[in-house]
Amino acid sequence: MGEDEIMALRRRKLETIRSKGIDPYPARARRTHTTKAAVELLVRSPDAHEIVWVAGRVTAMRRMGRAAFLDIRDGSGRIQAYFKQESLGVEAYERLLHTVDLGDFLGVEGSLFRTKTAEPTIEATSFTILAKALRAPPEKWHGLQDVEVRYRQRYLDLIANPEVRETFVTRSRIIQRIRRFMDERGYLEVETPILQSTAGGAAARPFTTYHNALGRQQFLRISLELHLKRLVVGGFDKVYEIGRIFRNEGVSTKYNPEFTMLESYEAYADYTVLMEMVEEMVSTIAGVAVEPSWGRGKIIDELLTVHVEPHLRQPTFLVDYPVELSPLAKRKTESPHLVERFELFIAGREVANAYSELNDPVDQRERLLQQSRLRAAGDDEAETADEDFLIALEHGMPPAAGLGIGIDRLVMALTGLTSIREVILFPALREREA
RNA sequence: GGGCCCGUAGCUCAGCGGUAGAGCUCCGGACUUUUAAUCCGGGAGUCGUGGGUUCGAAUCCCACCGGGCCCUCCA
């Protein structure tokens, strides 16, 4: 049977449900327990035959004549429901067999027990359709393997592949821990403009858009840096932002045109402070206990051993870059052609970039002008001079250290995944032709 | 930007010059503790798109579209 026929069949079932006066898409679901809570209740009271209502998606149906087993899955987990004609009644049992398909959402009322194989089960006394699905879910054995479909229809990927779901739970927890880490260190979380009239702070091509009411071209930000530094000028000594950055570059397993960046700025600190902070942050996030005796690099090294595939390259700090590559970083006093900057590489990918911030407004103006000259000479990835930012610096910025961490790559490093598309829910892909 | 590989049923794949196959899904039947349920029967396809070669193309050739991997690289 082709896809069209399957859908037609499901539509007919939908009409059958309606013809019985049942709403196939009711506004509310009665639910006393998540599937997980129901299993926990059964563990606490094994012989009580507690009555529960659960709700979830039907992910398996094993029909056996006058009885059937259905797997019901919700966000917390899964529980099996046992439908017996004898306890459900002939009418309701027939309705189950003839109108319910894999993928439908069902509310189930019944009492908790264990089958002879000890499987936690609800013996259903009634059920309600909560949402009829018109398309069939991916097949149960092999799940969904086609990478393209996995990305284009991520919801199917999440349904079919539990480890994918787990990756995004992990990603969320990593970001959560970063926030807690920064908050506990006294950083203030802020939000700065995504739409900007000049996109500065990084060497990258921006996306352009147009503001109708103002009648002018705008850019999507390519970094968070220049606005966060304005806030340091304004007296916020420790600020950070976790936000989406947009760069008009290629699409691949390493690059996505929009990605998530953490940037932080701390007044009265230099880049050596940040090096320690990055190590501590990454250790904290990965949940590895930090031994005080471990030297720099050792902690990250331990992380890799524990969390990352052994064949991946060792985490490495690269320290002190040529001034030409770092127009926003402070020169080293003893060697002014270098800047106080480090980058952290994990598994061969740049994860963090940090430097002591340039706060000399004259030097900053000169260096941005130099970038403008490069741009005029055809380098379209040279930095744009942001005059408003230069004016802010001229009002005086305290010595400060700034950090940027590519969240997507950090998640890759900590999960051992090698494609950025595996850690971004909806990665950029080319349009599929009609 | 360069190289290699892939695209066949809803899903996972086989077929690689002679009229399109399997398992799962789906449909019908049997079955009241199954859990990849089982057993019997039955459907299901513009073989990515467009051209070409050939008596004949899913199969060979070319172009295009989409995807994957490696190299270069913007994080």
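- In the set B:rC74, B:rC27, B:rA44, B:rA44 carries the atom at the smallest distance from any side-chain atom of A:Glu5.
- Contact of the A:Glu383 side chain with the A:Leu374 side chain is not registered, since no non-hydrogen atoms from C-beta on lie closer than 4.5 Å.
- Closest to the side chain of A:Thr253, out of B:rC69, B:rA37, B:rU12, is B:rC69.
- The separation between A:Glu94 atom CD and B:rG29 atom P is 10 Å, rounded to whole Å.
- As judged by a 4.0 angstrom heavy-atom cut-off over every strand, A:Ile405 is placed among residues making no nucleic acid contact.
- The two residues A:Glu324 and A:Gln371 come nearest to each other via the heavy atoms O-NE2, 3.9 Å.
- Nucleotides B:rC64 and B:rC74, compared at atom P, are 28 Å apart to the nearest Å.
- Side-chain proximity of A:Leu144 to B:rG67, B:rC27, B:rU12: nearest is B:rU12.
- With hydrogens and angles left out, the side chain of A:Glu86 and the base of B:rU32 share a donor-acceptor pair within 3.5 Å.
- Judged by distance alone, the side chains of A:Glu357 and A:Tyr355 never bring a donor and an acceptor atom under 3.5 Å apart.
- Atom CG of A:Asp146 and atom C1' of B:rU12 are 10 Å apart (whole Å).
- Of the candidates B:rG67, B:rU34, B:rU33, the closest approach to any side-chain atom of A:Leu429 belongs to B:rG67.
- For the pair A:Arg152 and A:Phe426, the NZ or CZ position fails the cation-pi test of under 6.0 Å to the six-membered ring centre and within 45 degrees of the ring normal.
- Closest contact between the side chain of A:Arg430 and the listed nucleotides B:rC69, B:rG66, B:rU34 involves B:rG66.
- The listed nucleotides are B:rG67, B:rU32, B:rC27; the one nearest the side chain of A:Glu148 is B:rG67.
- In this structure, A:Asp74 contributes its side chain and A:Thr35 its backbone to a donor-acceptor pair below 3.5 Å.
- Rounded to whole Å, the C1' atom of B:rG7 lies 14 Å from the corresponding atom of B:rU59.
- A:Gln145 comes within 4.0 angstrom of the backbone, heavy atoms only, and of no base.
- Evaluation of atom-type donor-acceptor distances gives a pair under 3.5 Å for the side chain of A:Gln80 against the base of B:rU34.
- For B:rG66, the OP1/OP2 oxygens have no side-chain nitrogen or oxygen of A:Arg152 closer than 4.0 Å.
- Side chain of A:Glu119, nearest nucleotide from B:rU34, B:rC26, B:rC73: B:rU34.
- Ring geometry, A:Tyr82 versus A:Phe69: the interplanar angle falls under 30°, so the pair is classed parallel (tilted spans 30 to 60°).
- At the heavy-atom level, A:Ile420 lies under 4.0 Å from base atoms of the strands shown.
- Distance check on atom C1': B:rG18 versus B:rG10 gives 30 Å, rounded to whole Å.
- Using a 4.0 Å heavy-atom distance criterion, A:Arg135 is classed as making no nucleic acid contact.
- Rounded to whole Å, the separation between the C1' atoms of B:rG48 and B:rG67 comes to 11 Å.
- One can place CG of A:Leu102 at 13 Å from C1' of B:rA36, the figure rounded to the nearest angstrom.
- With the nearest nucleotide of RNA chain B identified for both A:Arg63 and A:His98, A:His98 has the one nearer the 5' end.
- Rounded to an integer number of Å, the gap from CZ of A:Phe69 to C1' of B:rU33 is 4 Å.
- With C1' as the reference atom, B:rG21 and B:rG15 are 7 Å apart, rounded to whole Å.
- OP1 and OP2 of B:rC70 both lie 4.0 Å or more from every side-chain N or O belonging to A:Lys254.
- Here A:Asp408 lies out of heavy-atom contact (under 4.0 Å) with every strand.
- Look at the C1' atom in both B:rC47 and B:rA58: the space between them is 4 Å, to the nearest Å.
- Rounded to whole angstrom, the span from the CZ atom of A:Arg62 across to the C1' atom of B:rU32 amounts to 15 Å.
- Base pairing annotation: B:rU38 forms a Watson-Crick or G-U wobble pair with B:rA30, both donor-acceptor distances under 3.5 Å.
- Under the Watson-Crick or G-U wobble criterion, with both distances below 3.5 Å, B:rC64 is paired with B:rG48.
- Here the P atom of nucleotide B:rU33 and the CG atom of A:Leu42 are 19 Å apart, to the nearest Å.
- Rounded to an integer number of Å, the gap from OH of A:Tyr155 to C1' of B:rG10 is 13 Å.
- Side-chain contact between A:Tyr25 and A:Leu14 is present, with at least one heavy-atom pair separated by less than 4.5 Å.
- A:Phe113 comes within 4.0 angstrom of a base, heavy atoms only.
- For the P atoms, the distance from B:rC60 to B:rC5 is 12 Å, rounded to whole Å.
- Between A:Leu112 and A:Ile122, the shortest heavy-atom contact is CD2-CG1, 3.7 Å.
- For the pair A:Met61 CE and B:rC26 C1', the computed distance is 13 Å after rounding to whole Å.
- Here the separation of B:rU72 from B:rU46, taken at their C1' atoms, is 40 Å to the nearest Å.
- For B:rA20, there is no paired nucleotide, since no Watson-Crick or G-U wobble pair has both relevant distances below 3.5 Å.
- Put simply, A:Lys116 has a side-chain N or O that comes within less than 4.0 Å of OP1 or OP2 on B:rU34.
- Residue A:Gly65 is in base contact, counting any heavy-atom pair closer than 4.0 Å across all strands shown.
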